Trainee: 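What follows is a structure written as structure tokens; I'll ask about it next.
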Protein chains: 2
Amino acid sequence: MPPPNGFLLEDHVGFLLRKAHQRHAAIFQVSAAKAGLTPTQFAALCKTVELGHVTQNLLGRLVAMDPATVQGVVRRLTARGLIARSDDPMDRRTAVLTATEAGLALIGEAVASAQRSHSTALAPLSNEEQRVFLALLHRLV
Amino acid sequence: MPPPNGFLLEDHVGFLLRKAHQRHAAIFQVSAAKAGLTPTQFAALCKTVELGHVTQNLLGRLVAMDPATVQGVVRRLTARGLIARSDDPMDRRTAVLTATEAGLALIGEAVASAQRSHSTALAPLSNEEQRVFLALLHRLV
DNA sequence: CCAGTTTCATTCGAATACGAATGAGCAGCC
DNA sequence: GGCTGCTCATTCGTATTCGAATGAAACTGG
């Protein structure tokens with residue numbers, strides 16, 4: 001059976017992005033084995049530390065997660081004692097999130113892991129190619 | 001709280017790849033609404049049509065899916081009657097997959113959907129930038 | 001003040017995605 | 001033949017991811 005039309009799955013941007021994302025996730029998992037964080041958990045913890053305190057919905061928007069997704073991520077980070085929830089007396093709908101001491105203690109190693117995974121994932125490209133790739137990727141998201 | 005080190009989550013390649021993948025998936029879902037296929041299901045069906053018949057494990061390797069993942073994808077495609085399973089008398093471990101008439105009837109529209117999602121996802125870039133981006137992305141996967 | 005709208009968080013269901021374990025079958029080697 | 005090791009497919013558990021629905025709370029216009 002010939003490939004339909006002239007379509008090549010291997011050149012489809014969605015297929016390539018899916019594989020690139022998979023590959024980075026695998027690299028990150030190795031890099032962050034000591035911290036024991038997934039890329040998603042790292043993003044949520046990193047942004048929480050950066051802001052000091054943040055509502056769950058705002059955190060979700062900043063790290064590109066659905067409210068339903070961020071709920072699960074926050075639940076697991078809270079269960080591990082890396083972030084804490086508190087109430088906002090001004091808005092009783094919201095959950096205010098803050099990094100705990102354990103979360104702050106972990107963020108240094110976690111950031112180092114992320115930097116290692118960044119370098120490893122981009123290693124097949126030269127420095128200039130990495131710069132171009134990241135600039136183009138920025139314009140697609 | 002200042003960002004740890006000089007780390008910016010927004011410039012992390014994993015974070016950008018995750019968002020780019022999300023964005024394409026959303027675009028594909030709209031493009032392929034008529035076909036009713038997810039990007040993953042499309043990849044599996046497309047490769048099955050291209051090869052005529054393929055074992056489930058080989059299909060998984062060709063479309064970058066874990067055996068556990070491809071099992072679920074094939075189960076759903078089979079349930080919809082788009083592909084069929086048969087036995088290989090030479091190797092009773094394997095499941096041989098073939099596209100059904102319904103699968104063949106759907107592939108044209110599905111490929112057109114994929115081509116539309118490809119163009120839409122890359123629309124922020126010029127033709128030359130698209131070429132460069134895809135070439136670099138190819139080298140990362 | 002109040003009715004309509006919006007926002008926040010949660011829950012459910014469905015679909016990837018992977019590690020680990022399992023059972024079945026095949027292949028090589030002595 | 002028998003043993004060992006490998007492969008194929010499945011299953012379980014955990015983690016993302018989103019659509020849709022829900023309930024509570026806040027906001028907005030009159």
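Chain letters run A, B, ... following the sequence lines, proteins first and then strands; every chain starts at 1. Owing to the predicted nature of the structure, the values given are computational and were not obtained by experimental measurement.
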Trainee: Tell me: CG of Asp91(B) to P of dC6(D), nearest whole Å?
Mentor: 17 Å
Trainee: Roughly, in whole Å, what's the span from CG in Leu59(A) to P in dT10(C)?
Mentor: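 The distance from CG of Leu59(A) to P of dT10(C) comes to 12 Å, rounded to the nearest Å.
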Trainee: On DNA chain D, nearest-nucleotide positions of Leu58(B) versus Ala26(B): which is more 5'?
Mentor: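 Looking at DNA chain D, the more 5' nearest nucleotide goes with Leu58(B).
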Trainee: With a 4.0 Å cutoff (strictly under), does any side-chain N or O of Arg61(B) reach OP1 or OP2 of dC8(D)?
Mentor: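 Indeed, a polar side-chain atom of Arg61(B) lies that close.
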Trainee: Kindly say if Arg23(B) contacts the phosphate of dC18(D), meaning a side-chain N or O under 4.0 Å from OP1 or OP2.
Mentor: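 So the side chain of Arg23(B) is outside the cut-off, no N or O lying under 4.0 Å from OP1 or OP2 of dC18(D).
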Trainee: Using heavy atoms to find the nearest nucleotide of DNA chain D for Asp88(A) and Thr94(B) separately, return the residue whose nucleotide is more 5′.
Mentor: Thr94(B)
Trainee: Give me the atom names and distance for the closest heavy-atom approach of Leu82(B) to Leu45(B).
Mentor: O-CD1, 4.0 Å
Trainee: Rounded to the nearest Å, what distance is computed from the CG atom of residue Asn57(B) to the P atom of nucleotide dA9(D)?
Mentor: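 Taking atom P of dA9(D) as the reference, CG of Asn57(B) is at 4 Å.
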Trainee: In the structure I gave you, are the side-chain heavy atoms of Leu97(B) and Gln56(B) within less than 4.5 Å of one another anywhere?
Mentor: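 They are in side-chain contact.
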Trainee: If the sugar-phosphate is the primed atoms plus P, OP1 and OP2 and the base is the rest, what is the B/S/- string for nucleotides 11-17 of chain D, using protein heavy atoms under 4.0 Å?
Mentor: B---SBB
Trainee: Is Asp87(B) atom CG crowded by more than 12 heavy atoms from other residues, nucleotides or ligands, each under 6.0 Å away?
Mentor: no
Trainee: Is the phosphate of dT10(D), meaning OP1 or OP2, less than 4.0 Å from a side-chain N or O of Arg85(B)?
Mentor: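 Yes, Arg85(B) has a side-chain N/O under 4.0 Å of OP1/OP2 on dT10(D).
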Trainee: Which word best sums up how the rings of Phe28(A) and Phe42(A) line up, parallel for under 30°, tilted for 30 to 60°, or perpendicular for over 60°?
Mentor: tilted
Trainee: Is there a donor-acceptor contact under 3.5 Å from the side chain of Ser113(A) to the main chain of Ser31(A)?
Mentor: yes
Trainee: Find the distance Arg92(A):CZ to dT7(C):C1' and express it as a whole number of Å.
Mentor: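 Result: 15 Å.
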Trainee: Tell me whether the OP1 or OP2 atom of dT10(C) has a side-chain N or O from Gln56(A) closer than 4.0 Å.
Mentor: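 Answer yes for this pair, as a side-chain N or O of Gln56(A) is under 4.0 Å from OP1 or OP2.
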Trainee: How long is the line joining CG of Asp87(A) and C1' of dA26(D), in whole Å?
Mentor: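 Result: 16 Å.
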Trainee: Hydrophobic cluster membership, with links at side-chain heavy-atom distances under 4.5 Å among I/L/V/M/F/W/Y: are Leu134(B) and Leu125(B) in one?
Mentor: yes
Trainee: Distance check needed: dA17(C) P versus Leu17(A) CG, whole Å only.
Mentor: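 Leu17(A) atom CG is separated from dA17(C) atom P by 12 Å.
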Trainee: Please state how far atom CZ in Arg93(B) lies from atom P in dG25(C), giving the value in whole angstrom units.
Mentor: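 Arg93(B) atom CZ is separated from dG25(C) atom P by 10 Å.
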Trainee: When you measure from the side chain of Arg18(A) to the backbone of Thr40(B), do you find a donor-acceptor pair of N or O atoms at a distance under 3.5 Å?
Mentor: no
Trainee: If I take atom NZ in residue Lys19(A) and atom P in nucleotide dT16(C), what distance separates them, rounded to the nearest angstrom?
Mentor: 18 Å
